[in-house]
A.B. asks: 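Take this structure first; my questions come after.
Note that these values count all heavy atoms, side chains included, but never hydrogens, waters or copies made by symmetry.
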Amino acid sequence: MPRLHANLLRGTLDLLILRALEGGRRHGYGILEWLEHTVAPELLIEEGTLYPALHRLEAEGWIRAEWGASENNRKAKYYRLTPRGTKRAKSESSAFRAYAEKVIRALDEAVTP
């Protein structure tokens with residue numbers, strides 16, 4: 001299967017990050033690990049893509065960042081959903097599922113001249 005970039009569709013990466021944070025706070029590397037476990041290797045997500053998205057979601061007020069100690073006692077920035085982010089994750093998940101169903105239906109439809 002070919003590898004796809006997370007920004008294949010506008011907002012896909014944002015939705016995946018929000019979904020990763022529904023399980024609780026995570027640092028950036030923890031988000032990458034969750035994404036790699038969940039969708040890799042098919043979906044290519046690199047740090048250079050992830051961190052700008054985290055900053056954008058924080059600016060939107062959907063996530064909040066705070067400093068803390070990582071598992072190996074290093075300083076790490078942890079992200080968590082805000083109440084607005086939780087609401088956004090649910091609405092975006094529903095909208096994306098509806099969108100994906102329509103695209104799949106179109107892909108499965110026979111094409112006639």
Side-chain angles (χ1 to χ4, degrees):
M1 174 177 272
R3 294 181 79 181
L4 303 170
H5 286 277
N7 58 0
L8 178 65
L9 298 172
R10 185 173 173 262
T12 303
L13 179 58
D14 293 357
L15 174 58
L16 291 173
I17 292 169
L18 293 175
R19 179 71 179 124
L21 294 174
E22 283 184 315
R25 79 181 198 143
R26 295 179 193 264
H27 49 66
Y29 185 73
I31 293 169
L32 274 178
E33 284 183 319
W34 184 87
L35 292 170
E36 287 175 0
H37 171 75
T38 306
V39 297
E42 293 83 13
L43 195 60
L44 178 62
I45 301 169
E46 298 171 337
E47 288 183 29
T49 304
L50 176 68
Y51 288 100
L54 288 169
H55 295 297
R56 184 175 58 254
L57 295 175
E58 189 175 11
E60 291 287 342
W62 299 337
I63 65 174
R64 183 173 16 120
E66 59 194 47
W67 289 98
S70 68
E71 299 79 20
N72 54 5
N73 210 25
R74 292 187 179 184
K75 189 175 179 182
K77 196 173 200 180
Y78 283 86
Y79 300 89
R80 73 172 62 242
L81 287 176
T82 63
R84 284 183 58 212
T86 300
K87 186 175 179 180
R88 182 68 177 205
K90 291 182 186 336
S91 68
E92 287 296 313
S93 293
S94 296
F96 189 86
R97 286 178 191 276
Y99 171 79
E101 288 172 9
K102 289 175 178 77
V103 171
I104 291 168
R105 191 174 339 134
L107 293 174
D108 290 343
E109 185 67 30
V111 179
T112 57

A.B. asks: Drop me the distance from His27's NE2 to Glu33's CD, to the nearest 0.5 angstrom.
C.D. replies: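 Between atom NE2 of His27 and atom CD of Glu33 there are 6.5 Å.
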A.B. asks: Apply side-chain contact (heavy atoms from CB on, under 4.5 Å) to Ile31 and Leu16, showing your working.
C.D. replies: CA-CA 9 Å; Ile31 293 169; Leu16 291 173; over 6 Å; no
A.B. asks: Given Leu21, which of Leu81, Thr86, Thr82 fulfils the side chain to side chain contact (heavy atoms under 4.5 Å, CB included) condition?
C.D. replies: Leu81
A.B. asks: Can a salt bridge be assigned to the pair Glu60 and Arg88 using a cut-off of 4.0 Å between side-chain N and carboxylate O?
C.D. replies: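 Judged by the 4.0 Å cut-off on N to carboxylate O distance, Glu60 and Arg88 do not form a salt bridge.
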A.B. asks: Rounded to the nearest 0.5 Å, what separates atom CZ in Arg56 from atom OH in Tyr51?
C.D. replies: 14.5 Å
A.B. asks: Mind checking side-chain hydrogen bond (donor to acceptor under 3.5 Å, both in side chains) for Ser93 and listing every partner two or more places apart, or none if nothing turns up?
C.D. replies: none
A.B. asks: What's the spacing between Ile45 CD1 and Leu50 CG if we round to 0.5 Å?
C.D. replies: 7.5 Å
A.B. asks: Looking at Thr38 and Trp34, would you say the former's side chain and the latter's main chain have a donor-acceptor pair under 3.5 Å?
C.D. replies: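 Yes, Thr38 side chain to Trp34 backbone: donor-acceptor pair under 3.5 Å.
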A.B. asks: So, for Leu15 and Glu92, which heavy atoms are closest and what is the spacing to 0.1 Å?
C.D. replies: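 Smallest heavy-atom distance, with atoms named: CD1-CB, 3.7 Å.
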A.B. asks: If Ile, Leu, Val, Met, Phe, Trp and Tyr residues are connected whenever their side-chain heavy atoms lie under 4.5 Å apart, and connections chain through other members, are Leu54 and Trp67 in the same group?
C.D. replies: no
A.B. asks: Tell me whether Tyr29 is reachable from Tyr79 by hopping between hydrophobic residues (I, L, V, M, F, W, Y) whose side-chain heavy atoms are closer than 4.5 Å.
C.D. replies: no
A.B. asks: Search all heavy atoms of Ala20 against all heavy atoms of Arg26 and return the closest pair with its distance.
C.D. replies: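 Closest heavy-atom pair between Ala20 and Arg26: O-NE, 2.9 Å.
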A.B. asks: Has Glu109 got more than 12 heavy atoms of other residues, nucleotides or ligands less than 6.0 Å from its CD?
C.D. replies: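 For Glu109, atom CD is not crowded (no more than 12 foreign heavy atoms under 6.0 Å).
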A.B. asks: NZ/Lys102 to CZ/Arg97 distance, rounded to the nearest 0.5 angstrom?
C.D. replies: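 Reported value, rounded in 0.5 Å steps: 13.5 Å.
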A.B. asks: State the CG-CG distance between Leu18 and Leu57, to the nearest 0.5 angstrom.
C.D. replies: 5.5 Å
A.B. asks: Quick one: do Trp62 and Leu35 end up in the same hydrophobic cluster if we chain Ile, Leu, Val, Met, Phe, Trp and Tyr together by side-chain heavy atoms under 4.5 Å apart?
C.D. replies: yes
